[in-house]
Amino acid sequence: MQCERCNERPATVHLTEITNGQKQETHLCEVCAKEIQLQGFGLLPQMNLHNFLAGLLNYEFNGSKFGQQEAGVKACAKCGVAESQFVKKGLLGCGDCYPCFEEKLQPLLRRIHGNTRHTGKVPERTGGNARLLKEIENMKRKLTEAVSREEFELAAELRDTVRQLEKRLEEGGEA
Amino acid sequence: MSIKDKVGSARSLWMDADGPDADIVVSSRVRVARNLTAIPFPHLLDLEKSREVTAKIRKAIENTEASELIGNLELTELGELTPLERQLLVDKHLISPDLLNDFQAKAVAIRQDEAVSVMVNEEDHLRIQCLLSGLQLKEAWEIVNKVDDGLEKTLDYAFSEKLGYLTSCPTNVGTGMRASVMLHLTGLKITNQIGGVFHAIGKLGLTVRGLYGEGTEAASDLFQISNQITLGQSEEELVNNLTSITRQILTQERASRKSLYIDRREFIEDRVYRAYGILKNARILTLEEAMRLFSDLRLGIGLKIILGIHDKLLNVLMVEASPAFLMKMAGRELSSHQMDVYRADLIRNEFEKAEK
Ligand SMILES: [Zn+2]
Ligand SMILES: [Zn+2]
């Protein structure tokens with residue numbers, strides 16, 4: 001068997017990756033294995049994820065739901081990347097590709113992450129309402145906690161804060 | 001000190017081996033992916049457009065109002081470096097091998113202590129990374145978070161309220177965060193428990209990586225665990241999850257080392273002292289052999305069988321023993337045999353120095 005990284009030397013070592021209970025092996029020669037080890041795996045292109053993605057992409061984009069021909073037609077209005085390019089490379093072209101291919105990305109994201117909604121950090125400049133929404137959610141949680149601890153004074157304060165934040169959101173919401 | 005000077009020294013902060021549990025957790029790494037709005041992702045950019053992205057990021061890094069958050073980062077285009085210097089940055093784990101492809105379009109900014117590096121025009125416009133010794137994922141995330149805040153003072157990131165930070169590859173969308181630990185798990189490997197341990201964590205949204213092989217020296221006791229999911233969990237949740245899993249593995253590794261040392265003391269001591277003896281005396285050492293011996297010696301240091309040598313020396317030697325570094329030190333091209341001789345000399349000298 002040839003090394004899957006350099007396609008030059010015989011493979012004698014295997015890189016095992018286990019994700020979600022799925023084991024995947026990449027067969028490597030001594031030289032490539034040594035390099036990967038030296039580089040501390042960490043910055044390896046996510047071989048497993050890319051392969052995993054390629055499989056999913058073929059299924060979601062070319063599978064029974066969508067004809068292969070149709071897959072090649074649609075392209076992002078902003079950057080021009082076509083569905084077929086995305087399926088081949090696993091890379092989108094720009095931020096606008098996400099809304100553009102949303103319909104098909106949605107099930108894909110669910111399969112990769114088990115989720116389709118971001119709950120982490122929100123940037124200050126381009127976060128839009130996300131920051132505000134997150135803060136409202138946060139305050140509501142604190143409010144419920146305060147009520148359950150029977151700290152009614154605090155709860156009243158929190159309720160006011162939530163109302164103010166919600167008003168800000170309605171008014172167009174600068175965070 | 002410029003990046004050119006930095007590559008001349010093998011030392012980076014993560015190698016100091018002074019972090020918590022650094023005898024088993026070699027390093028903790030956190031990186032986030034970011035892209036600029038209204039600019040296509042790097043794989044669609046020609047050289048000119050890539051350089052415009054680099055210029056934007058340079059400006060953000062040099063913004064004095066953000067310098068407190070960002071720290072002292074120095075940006076260098078990869079094209080300004082020699083091939084050897086570029087390889088050395090890879091060997092020191094400061095840039096990814098991917099950054100070497102099409103390198104003219106790429107750049108890297110590295111902090112003075114080398115704990116932080118920012119890669120420009122890799123798969124995404126920005127990859128902010130922090131690498132620390134031992135189990136310090138939370139600390140690494142806090143540092144990355146700050147640098148990210150600093151850069152965002154002037155950069156507009158591609159972000160969606162629903163999907164979070166938008167990345168070239170949908171496997172990174174959301175937090176854009178990949179956190180990982182590098183673990184040295186000799187005990188679990190010798191006692192054949194490693195498969196079971198990994199089988200269990202493989203189900204928790206994490207990825208485990210290791211090298212295996214029959215009768216080959218390239219197989220090692222180093223394993224990497226990283227988060228696989230980037231969407232739907234906050235950065236803190238991802239970091240806490242990986243940290244607690246790592247703690248569980250640490251406990252198991254310590255237990256297996258302890259029982260090994262009780263049940264098979266001569267076997268372990270023999271293995272450690274053999275490694276020590278060869279490293280101190282060999283005249284020819286291949287990289288594979290050196291790596292395997294370092295691994296055995298690391299076990300001996302962890303079990304306090306060997307007292308005069310610190311993990312830090314092994315971390316530095318692991319980098320210095322690489323072909324690129326040996327050539328840099330020798331100042332000339334080396335044949336593979338010359339390299340093995342040079343490597344053995346270097347290691348022998350370093351051990352002599354350490355024992356004084
Ligand atoms: Zn190979
Ligand atoms: Zn696009």
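Every chain is numbered from 1 and lettered A, B, ... according to where its sequence line falls, protein lines coming before strand lines. Computed from a predicted model, the values in this text were never measured in an experiment.
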Worksheet entry | CZ on A/R117 to CG on B/L231, rounded to 0.5 Å | 9.5 Å

Response to the item:
What one should report as the nearest heavy-atom pair of B/P170 and A/L108 is CG-CD2, 4.2 Å

Worksheet, complete the sentence: Turns out that what part of B/R127 lies under 4.5 Å from chain A's heavy atoms comes down to neither

Worksheet, complete the sentence: Smallest heavy-atom separation, B/C169 atom then A/G90 atom, equals SG-O, 3.7 Å

Response to the item:
The reported gap from NE2 in A/H113 to CG in B/N227 (rounded to nearest 0.5 angstrom) is 10.0 Å

Worksheet item: At a heavy-atom separation under 4.5 Å, does B/V181 approach chain A through its side chain, its backbone, both, or neither?
Response: neither

Worksheet item: Looking at B/V32, B/I225, B/D156, which one has more heavy-atom pairs under 4.5 Å with chain A than the rest?
Response: B/D156

Practice prompt. Check whether any side-chain N or O of B/Q233 sits under 3.5 Å from a backbone N or O of A/T119 as a donor-acceptor pair, and report yes or no.
Written response: no

Worksheet entry | Full working for side chain to side chain contact (heavy atoms under 4.5 Å, CB included) between A/T16 and B/F198 | CA-CA 11 Å; A/T16 304; B/F198 287 165; over 6 Å; no

Please tabulate, for the side chains in residues 150-162 of chain A, all donor-acceptor contacts under 3.5 angstrom to protein atoms that are two or more places apart in sequence or on a different chain.
from	atom 1	to	atom 2	distance (Å)
A/E151	OE2	A/R149	NE	2.7
A/T161	OG1	A/E157	O	2.9

Fill in: Residue B/K162 excluded, over 12 heavy atoms near NZ under 6.0 Å
yes

Fill in: Contact check, side chains of A/L109 and B/L163, non-hydrogen atoms, under 4.5 Å
yes

Worksheet item: Taking atom types as modelled and ignoring hydrogens, do the side chains of A/K89 and B/H43 form a donor-acceptor contact shorter than 3.5 angstrom?
Response: yes

Worksheet item: Does B/K92 have any side-chain hydrogen bond (donor to acceptor under 3.5 Å, both in side chains) partners at least two apart in sequence or in another chain, and if so, which?
Response: B/E114

Worksheet item: Closest approach of B/P40 and A/C94, non-hydrogen atoms and distance?
Response: CA-CB, 4.0 Å

Response to the item:
Smallest heavy-atom separation, B/E235 atom then A/H118 atom, equals OE2-CE1, 4.4 Å

Item to complete: Heavy atoms only, distances under 4.5 angstrom: which of A/G93, A/C97, A/P99 has the most pairs with chain B? Name it, please.
Response: A/G93

Discussion item. Does any backbone or side-chain atom of B/T167 lie under 4.5 Å from a heavy atom of chain A? Answer side chain, backbone, both or neither.
Written reply: both

Worksheet item: Side chains of B/E161 and A/L133: closer than 4.5 Å at any heavy-atom pair?
Response: yes

Practice prompt. Could you tell me which non-hydrogen atom of A/L92 sits nearest to which non-hydrogen atom of B/F41, and how far apart they are?
Written response: O-CD1, 3.1 Å

Discussion item. Quick check: closest heavy atoms across B/F159 and A/K121, and the distance to 0.1 Å?
Written reply: CE1-O, 3.6 Å

Worksheet item: So which of B/T154, B/T37, B/L238 has the largest heavy-atom pair count under 4.5 angstrom toward chain A?
Response: B/T154

Discussion item. What part of B/L155 gets within 4.5 angstrom of chain A, counting heavy atoms only: side chain, backbone, both, or neither?
Written reply: backbone

Discussion item. To the closest 0.5 Å, what do you measure between CG (B/L44) and CG (A/L91)?
Written reply: 8.5 Å

Worksheet item: Under a 4.5 Å heavy-atom cut-off, does chain B meet the side chain of A/V122, its backbone, both or neither?
Response: both

Worksheet item: Can you tell me if B/E152 uses its side chain to pair, donor with acceptor, with the backbone of A/E124 under 3.5 Å?
Response: yes

Fill in: Whether A/T126 side chain and B/Y157 backbone form a donor-acceptor pair below 3.5 Å
yes

